Structure formats: structure tokens, C-alpha cells
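Since we're looking at a predicted model, the values are computed, not measured. Values reported hereafter were calculated over all heavy atoms of this structure, with side chains retained and with hydrogens, waters and symmetry mates removed.
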Amino acid sequence: MSNQNGQADLQLPMSGWTVAGSEFLKPLSELIFKYLDDATDTSKPVVNIASPAELADAFGKSGVDLRLADDVKPVSSENLLSACQTVIDKSVHTAHPHFMNQLYGHCDPVSIGGDWLCAALNTNVHTYEVAPVFTVIERAVIDKFARVIGPEFAANHEGLFVPGGSIANMYGMLLARFRLDPEVRTRGVVGGPTLVAFVSDQAHYSYQKSAMVIGLGLNNILPVKSDVTGAMIPEELEARVAEARAAGKTPFFVGATAGSTVTGAFDDYNKLADICAKENMWLHVDGAWGGCALLSKKHRVTLCAGIERIDSFAFDAHKLMAMPVQCAGVLVKHPNMLKACNGTNAAYLFQPDKLNSELDLGDRTIQCGRRNDSLKLWMAWHAFGDAGFEERVDRSADLCHYWMTKVESDPRFKQAVPLVLFNVCFWYLPESMRNFDPSNCTEQEHQRLHKLAPLIKARMQKEGLAMIGFQPLKGMPNFFRVVLPGAAVLSTKDVDDILETIARIGAEVESQVP
């Protein structure tokens with residue numbers, strides 16, 4: 001924009017910037033507060049399902065086109081607020097108690113406030129000079145997690161907040177490769193040893209993605225058989241390692257799991273650590289889902305024994321700890337390795353002669369821009385304390401136990417996978433299949449159950465009653481998988497109601513799959 005003399009007009013406010021903070025943010029905050037106040041009302045739908053065309057029509061009615069045209073004109077703050085209401089109305093309400101589709105859900109207001117504050121302050125956590133508060137807070141939270149894992153781990157550790165558990169798992173793989181083959185930083189993968197990694201056949205798919213991204217290759221990440229719960233069988237790992245060595249390959253990494261995605265399995269960390277020590281392999285644990293069992297005195301003893309012996313650990317606090325997405329990190333039991341592996345010493349940013357340069361976190365990462373995700377967790381930890389998070393974890397486990405007890409006592413349902421802690425896997429059985437045995441069923445029975453779960457879910461979704469995932473596993477037909485990251489706002493009555501809803505809809509649609 002130019003003034004009457006043809007010169008750039010650099011006065012404030014900038015021409016066209018008409019949406020002032022008080023005019024827009026205050027009424028927007030009122031919309032958000034109303035949503036949060038109503039979020040746990042189970043009389044309201046989990047989702048108002050809509051097609052892309054219906055969504056475009058809804059935004060058009062708000063006065064804001066969903067499409068960004070070639071010449072976008074400013075809209076009024078009233079229209080923009082109307083569009084924000086449309087965003088709320090047409091989104092899946094993950095804070096609803098009956099949202100159990102994925103491993104995240106209802107968030108507490110303290111952590112939401114932390115996210116708002118982080119957005120308002122808008123800084124990049126790469127150097128101490130631009131993010132002094134966020135740097136020391138991130139270090140404090142990482143240190144707390146290390147002590148939660150155990151004193152052996154906490155004695156020598158470092159860590160980072162990263163963009164999700166998948167990236168945390170990739171960090172583990174990168175560090176493992178660097179420890180065994182530090183020249184890979186300069187030489188690249190060509191000319192180096194043929195490395196192989198091992199993961200459970202129930203491990204998260206991010207391990208495969210990591211193998212592709214770092215140049216390891218899918219052929220060099222080898223699945224290891226799991227038991228009936230989904231936990232890696234240590235003897236099978238030993239056999240696979242021996243096979244790899246006999247083929248001239250170099251084992252370097254084992255990706256274990258604390259709470260697998262589908263079945264909620266926990267691996268045997270002591271046995272895996274013994275094997276890794278013997279074979280000179282790095283032991284990483286993906287604790288993105290079930291790692292928070294460490295916060296429970298009751299459950300860490302039975303499920304997490306030996307976890308302090310691992311080399312690295314991935315966590316997702318936006319799951320069972322109920323932080324807003326995203327809030328994830330990686331912890332490492334080898335100080336200074338993150339920078340040794342990832343650092344490039346960018347001269348314009350990480351100058352050694354500036355104030356407090358030794359506190360900079362940025363050269364430890366594979367990123368430059370890095371959002372602050374530690375503040376909300378730091379605030380919530382102070383608000384609820386260790387006891388508050390322990391109660392949340394135990395409540396989720398107790399509700400899962402209650403759910404499975406109901407399944408086992410009702411002939412309309414059948415357990416698909418034994419309950420470990422946080423994942424309830426079960427079938428709804430049509431009346432003619434109440435004696436169903438997955439190990440001895442006909443192809444017709446298999447196909448009937450396989451088709452039934454998607455039909456039931458679709459009806460629940462369309463009616464806004466609940467969102468629950470389903471999937472097949474190891475040749476078994478589709479079953480429901482219930483996860484309860486939002487257990488803080490869930491009751492046993494909700495469990496009873498959802499089971500009755502599944503049974504009611506199942507009876508109504510089972511005739512569609514003869």
C-alpha cells in the first residue's frame with residue numbers, strides 16, 4: 001500500500017488489518033469456553049457427520065468460503081466468528097466421553113490454557129536467548145520423566161520434545177545407528193554395514209516409516225513374533241538375530257513397546273535388555289500409548305519391570321496424560337549423543353560466544369523450527385501433581401477392567417484378545433453365533449463377523465452416539481478395540497450404555513450380513 005506521494009505507507013495500524021484482538025479474540029474465547037463447558041454432555045452427539053460438499057455448504061452459509069479463491073477479500077470479524085462456530089459444530093468432538101476411536105481425547109483446561117499461552121508468546125525453542133523460559137521448562141519436564149523411568153536412567157540422560165511419538169521412535173533409531181556407525185553422518189548409508197532392526201509384529205507402523213526415512217529400508221526392519229497379548233517373544237527375537245548374523249547382516253536396534261496400539265501389549269524389558277546387551281543392540285521403547293503406566297505404582301511393578309535398562313524411550317503425553325495434541329518427547333540414556341548425532345553447528349544461530357549458548361537445545365534436533373510443547377504439561381503437572389496423573393492412569397485401567405468384565409459376562413459379546421491394561425478388544429455376536437470360536441470357525445462365520453463391526457460402527461457414527469475403532473488381527477475377523485484416554489470424564493454407566501447401544505444396533509443390522 002502506498003501513500004499519496006507514491007511511497008510505501010509504513011504507519012500503524014497496517015492498512016487492511018482491521019480485526020483487532022479485543023474485537024475477535026474475546027468473542028472467540030467465549031465460543032471456546034461454551035464448547036468446553038458442553039463437551040462432556042453425553043446427550044449431545046460425538047460428531048455431526050458431513051460430506052465434503054456439506055462442509056463447504058456450511059462454511060458458505062457462515063459467510064466464509066471454504067475455498068481460498070485466487071483473489072481472497074477480507075471478511076468481517078462477525079463472519080469469521082461464524083465460521084469458527086461452524087468449525088466447532090462440524091468437528092469430531094474428541095472431548096466427548098464416548099469418543100474412543102483413537103488414543104487421545106478429553107483434555108484438562110489447565111493444559112489447554114498452556115497451549116493458548118504458548119501460541120500467544122509465539123517463540124521457537126531452538127536457542128535459550130529467544131526461549132529462556134521454555135528452554136528451562138522443557139529441561140525440567142524431561143528430567144522429571146527420566147526420574148519416572150527410574151534412577152538408573154535418570155543418572156545419565158537427555159531428551160527433547162518432538163512432533164509426536166512417531167518422530168520420537170525415529171530418534172531412537174537414528175541414535176542407535178549413530179552409536180554403531182558414527183561415520184554414517186558424513187559417508188551416508190552407502191559403503192557402511194548392512195544394518196538390521198527388530199520390532200514386534202504388533203509394533204507401531206512408525207518403525208517402518210522410520211526405516212524408510214533414515215535409509216535403512218523396509219527389508220532391514222524385521223518383525224518378531226508376538227504372543228497372544230501382542231508382546232514380543234524374546235526367544236523369537238534371539239532366533240531372528242541369529243538368522244540375520246548368519247546372513248552377514250549387523251543387528252543394531254530393537255524397537256520394543258509399552259502398550260501396543262491394538263492390543264495394549266507390554267514387552268518383557270528385562271529379557272529384551274539381556275539380549276540387547278549380549279548382541280550389542282540398542283533397546284528403544286515406544287511408550288507413546290502405555291508408557292504412562294509408569295506413573296502408577298500399582299501397574300508399573302507388573303508391566304514395566306526392567307524398563308530403566310533401556311537406551312531410549314518415546315512418550316506421548318497427549319494420550320493417557322490428556323494433554324492437547326501434540327505433546328511428545330524422546331528420552332535418551334546417553335548424554336550428549338543427540339547433538340553428536342544431529343548437530344551441524346549453524347554459525348548464524350548457535351554461536352558459542354553468545355550468552356547462555358550451552359543451554360541451546362536446537363542443535364540436538366533434526367528440526368530448526370520447533371514449537372513449545374512442554375509448557376502445558378509442566379502447568380498440568382503442577383496443577384494435578386503426581387497423584388493426579390496416577391489417578392487418571394488407574395481410572396482408565398479400572399474402567400477397561402470393568403468393560404472386559406461386562407463383555408465376559410454377557411453372551412452377546414466375546415473377548416477377542418486378553419486384556420492387559422488399557423485396550424479392550426471384543427466382538428458383538430449375532431444370536432446365531434453365540435458359541436463362536438475364532439480358532440475353529442467356518443469361512444462364512446468369519447466373514448459375517450468381519451462385516452458386522454463396520455456396520456455397527458457406521459450406525460453409531462451417523463447417529464453421533466459413539467466413535468469406537470475396529471480392526472482385524474492375526475487372521476481374526478474385525479473386532480472392536482476400545483481405548484479410554486478420556487477416562488476422567490467416563491463412568492461405568494457410559495460403559496453400560498455403549499455396550500447396550502452396540503448390542504441394539506448389532507441386532508438391527510445383523511440381517512444385512514447373512
Chemist: Look at atom CD of Glu391 and say whether more than 12 heavy atoms of other residues, nucleotides or ligands are closer to it than 6.0 Å.
Modeler: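 Counting other residues, nucleotides and ligands, CD of Glu391 stays at 12 neighbours or fewer.
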
Chemist: I want to check something: taking the side chain as every heavy atom from C-beta on, are Thr229 and Thr263 in contact at a cut-off of under 4.5 Å?
Modeler: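 No, side chains not in contact.
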
Chemist: Hey, is NZ on Lys354 packed in by over 12 heavy atoms from elsewhere, all under 6.0 Å?
Modeler: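 Atom NZ in Lys354 is crowded, with more than 12 foreign heavy atoms closer than 6.0 Å.
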
Chemist: For the backbone of Asp494 and the side chain of Ser491, can you confirm whether one donor and one acceptor N or O come within less than 3.5 Å of each other?
Modeler: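 Yes; at least one donor-acceptor contact below 3.5 Å.
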
Chemist: If every non-hydrogen atom of Ser111 is compared with every non-hydrogen atom of Ala380, which pair is closest and at what distance?
Modeler: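 Here Ser111 and Ala380 meet closest at CB-CB, 4.5 Å.
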
Chemist: Could you tell me whether a side-chain N or O of Arg370 sits under 3.5 Å from a main-chain N or O of Pro163, the two making a donor and an acceptor?
Modeler: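 No; judged by distance alone, with no hydrogens or angles, the pair does not exist.
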
Chemist: When you check the gap from the basic side-chain N to the acidic O, do Asp386 and Lys144 get nearer than 4.0 Å?
Modeler: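 Looking at Asp386 and Lys144, the cut-off is met.
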
Chemist: Between Asp267 and Met232, is there a donor-acceptor pair closer than 3.5 Å when you use the side chain of the first and the backbone of the second?
Modeler: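 The answer is yes, because a donor-acceptor pair under 3.5 Å joins these two groups.
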
Chemist: Roughly how far apart are Glu358 CD and Tyr128 OH, rounded to 0.5 Å?
Modeler: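 Rounded to the nearest 0.5 Å, the CD-OH separation comes to 9.0 Å.
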
Chemist: Salt bridge between Lys44 and Asp38, side-chain N to carboxylate O under 4.0 Å?
Modeler: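 So Lys44 pairs with Asp38 through a salt bridge.
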
Chemist: Take His96 and Val47, measure what side-chain contact (heavy atoms from CB on, under 4.5 Å) needs, and give me the verdict at the end.
Modeler: CA-CA 9 Å; His96 194 290; Val47 61; over 6 Å; no

Chemist: The test is ring pair (Phe, Tyr, Trp, His ring centres under 6.0 Å); show your working for Phe413 and Trp403 and say whether it passes.
Modeler: CA-CA 11 Å; Phe413 304 105; Trp403 196 307; 9.1 Å; no

Chemist: Using side-chain heavy atoms (C-beta onward) and a distance below 4.5 Å, is Ser166 in contact with His204?
Modeler: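 Result yes, sub-4.5 Å side-chain heavy-atom pair found.
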
Chemist: For the pair Arg139 and Asp143, find out whether any cationic side-chain nitrogen is under 4.0 Å from an anionic carboxylate oxygen.
Modeler: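 Salt bridge flag = no for Asp143 with Arg139.
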
Chemist: Does some side-chain heavy atom of Leu174 sit less than 4.5 Å from a side-chain heavy atom of Phe253?
Modeler: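 The answer is no, as the side chains (C-beta and beyond) never meet within the 4.5 Å cut-off.
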
Chemist: If you define the side chain from C-beta out and look only at heavy atoms, does anything of Thr86 sit under 4.5 Å from Val64?
Modeler: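 No, side chains not in contact.
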
Chemist: Report yes if the side chains of Pro485 and Trp289 come closer than 4.5 Å at any heavy-atom pair, otherwise no.
Modeler: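 Yes - at least one pair of side-chain heavy atoms lies under 4.5 Å apart.
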
Chemist: Would you find a donor on one side and an acceptor on the other, under 3.5 Å apart, between the side chain of His334 and the backbone of Glu158?
Modeler: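 Here the side-chain-to-backbone pair does not exist.
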
Chemist: Within the distance-only criterion (no hydrogens, no angle test), does the side chain of Arg177 pair as donor or acceptor with the backbone N or O of Leu216 below 3.5 angstrom?
Modeler: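 Here the side-chain-to-backbone pair does not exist.
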
Chemist: Would you say the side chain of Leu81 lies within less than 4.5 Å of the side chain of Gln85, judging by non-hydrogen atoms?
Modeler: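 Side chain of Gln85 against side chain of Leu81, heavy atoms only: no contact under 4.5 Å found.
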
Chemist: Can you see which heavy atom on Asn124 is nearest to which on Val130, and at what distance?
Modeler: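 Looking at all heavy atoms of both residues, the shortest contact is O-CG2, 3.4 Å.
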
Chemist: Could you walk me through whether Asn79 and Ser82 pass side chain to side chain donor-acceptor pair (under 3.5 Å), step by step?
Modeler: CA-CA 5 Å; Asn79 282 349; Ser82 179; 5.9 Å; no

Chemist: So Thr123 and Asn372, side-chain contact (heavy atoms from CB on, under 4.5 Å) or not? Walk me through it.
Modeler: CA-CA 8 Å; Thr123 194; Asn372 171 259; 5.7 Å; no

Chemist: Would you compute the distance between atom OH of Tyr428 and atom CD1 of Ile456 and round it to the nearest 0.5 angstrom?
Modeler: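 Answer for the OH-CD1 pair, Tyr428 versus Ile456, is 6.5 Å.
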
Chemist: For Val148 and Arg300, what are the C-alpha separation, side-chain angles and deciding distance, and is it a side-chain contact (heavy atoms from CB on, under 4.5 Å)?
Modeler: CA-CA 10 Å; Val148 167; Arg300 68 170 293 148; 4.3 Å; yes

Chemist: At their closest point, which heavy atom of Gln102 faces which heavy atom of Val483, and how far apart are they?
Modeler: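 Answer, listing the atom of Gln102 first, then Val483: O-CG2, 3.4 Å.
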
Chemist: How long is the straight-line distance from CZ of Phe161 back to CD of Gln326, given to the nearest 0.5 Å?
Modeler: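 Gln326 CD to Phe161 CZ: 11.0 Å, rounded to 0.5 Å.
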
Chemist: Going through the checks in order, is the side-chain contact (heavy atoms from CB on, under 4.5 Å) test met by Ile88 and Lys34?
Modeler: CA-CA 10 Å; Ile88 292 172; Lys34 185 177 187 311; over 6 Å; no

Chemist: State the OG-CE distance between Ser312 and Met173, to the nearest 0.5 angstrom.
Modeler: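 Here the rounded value is 10.0 Å.
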
Chemist: So do Leu294 and Phe313 actually touch side chain to side chain, heavy atoms under 4.5 Å?
Modeler: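 When only atoms from C-beta onward are counted, Leu294 and Phe313 do touch, with a gap below 4.5 Å.
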
Chemist: I'd like to know if Arg504 pairs up with Asp497 as an ion pair, taking the criterion as any Lys NZ or Arg NE/NH1/NH2 lying under 4.0 Å from an Asp or Glu carboxylate oxygen.
Modeler: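 Result for this pair is no, no salt bridge flagged.
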
Chemist: Regarding Asp373 and Arg371, does a basic nitrogen lie under 4.0 Å from an acidic carboxylate oxygen?
Modeler: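 Here Asp373 pairs with Arg371 in a salt bridge, since their nearest N and O are under 4.0 Å apart.
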
Chemist: Would you please indicate yes or no on a ring centroid separation below 6.0 angstrom for Phe178 and Trp282?
Modeler: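 Centroid distance Trp282-Phe178: not below 6.0 Å, so no.
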
Chemist: For Glu308 and Phe153, indicate whether the former's side chain and the latter's backbone hold a donor-acceptor pair under 3.5 Å.
Modeler: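 No.
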
Chemist: Write down the atom of Leu377, the atom of Met323, and the distance for their closest heavy-atom approach.
Modeler: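 Between these two residues, the closest heavy atoms are CA-SD, 3.6 Å.
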
Chemist: Taking all non-hydrogen atoms of both residues into account, name the closest pair between Asp363 and Asn345 and its distance.
Modeler: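 Smallest heavy-atom distance, with atoms named: OD2-N, 2.8 Å.
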
Chemist: Let me confirm one number: the CG-OG distance from Leu421 to Ser396, rounded to the nearest 0.5 Å.
Modeler: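 These two atoms lie 7.5 Å from each other.
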
Chemist: Using ring centroids (six-membered ring only for Trp), state whether His157 and Phe145 fall under 6.0 Å.
Modeler: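 So the answer is no for these two rings.
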
Chemist: We want to know whether Asn423 and Arg481 form a side-chain donor-acceptor pair, criterion being a heavy-atom distance below 3.5 angstrom.
Modeler: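 Absent: no donor and acceptor within the cut-off.
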
Chemist: With side chain to side chain contact (heavy atoms under 4.5 Å, CB included) as the test, pick out the partner of Phe99 among Thr94, Leu490, Val489.
Modeler: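 Of all the options given, the one that passes is Thr94.
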
Chemist: How about Met170 and Ile214: do any of their side-chain heavy atoms sit closer than 4.5 Å?
Modeler: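 Side-chain contact under 4.5 Å: yes.
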
Chemist: Asn169 and Tyr205: side-chain donor and acceptor closer than 3.5 Å?
Modeler: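 Looking only at side-chain atoms, Tyr205 and Asn169 do not form any donor-acceptor pair under 3.5 Å.
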
Chemist: Can you give me every donor-acceptor pair (side chain of residues 461-470, partner residue at least two apart or in another chain, under 3.5 Å) with its distance?
Modeler:
| from | atom 1 | to | atom 2 | distance (Å) |
| --- | --- | --- | --- | --- |
| Glu463 | OE2 | Arg459 | NE | 2.7 |
| Glu463 | OE2 | Arg459 | NH2 | 3.3 |

Chemist: Quick one: list whatever passes side chain to side chain donor-acceptor pair (under 3.5 Å) with Glu54, sequence neighbours left out.
Modeler: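 With neighbours one apart ignored, the set is Ser51.
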
Chemist: Please check if the side chain of Lys333 supplies one atom and the backbone of Ile310 the other of a donor-acceptor pair under 3.5 Å.
Modeler: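 Answer holds: yes.
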
Chemist: Between His284 and Tyr171, does the ring pair (Phe, Tyr, Trp, His ring centres under 6.0 Å) criterion hold? Intermediate values first, please.
Modeler: CA-CA 10 Å; His284 173 82; Tyr171 269 95; 10.0 Å; no

Chemist: Whether the side chain of Ser296 engages the backbone of Ala293 through a donor-acceptor N/O pair (distance < 3.5 Å, no angle test) should be reported.
Modeler: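 Answer holds: no.
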
Chemist: Of all the heavy-atom pairs spanning Asp115 and Pro324, show the shortest one and how long it is.
Modeler: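 Asp115 and Pro324 have their closest heavy atoms at OD2-CB, 3.4 Å.
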
Chemist: Using a 3.5 Å distance criterion without hydrogens, assess whether the side chain of Asn48 forms a donor-acceptor pair with backbone atoms of Lys90.
Modeler: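 The answer is no, because no donor-acceptor pair under 3.5 Å joins these two groups.
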
Chemist: Any chance you could measure Cys107, atom SG, to His318, atom NE2, to the nearest 0.5 Å?
Modeler: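 Separation between the atoms: 10.0 Å.
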
Chemist: Does Val262 offer a backbone N or O that forms a donor-acceptor pair with the side chain of Gln202 under 3.5 Å?
Modeler: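 Between the backbone of Val262 and the side chain of Gln202 there is no qualifying donor-acceptor contact (under 3.5 Å).
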
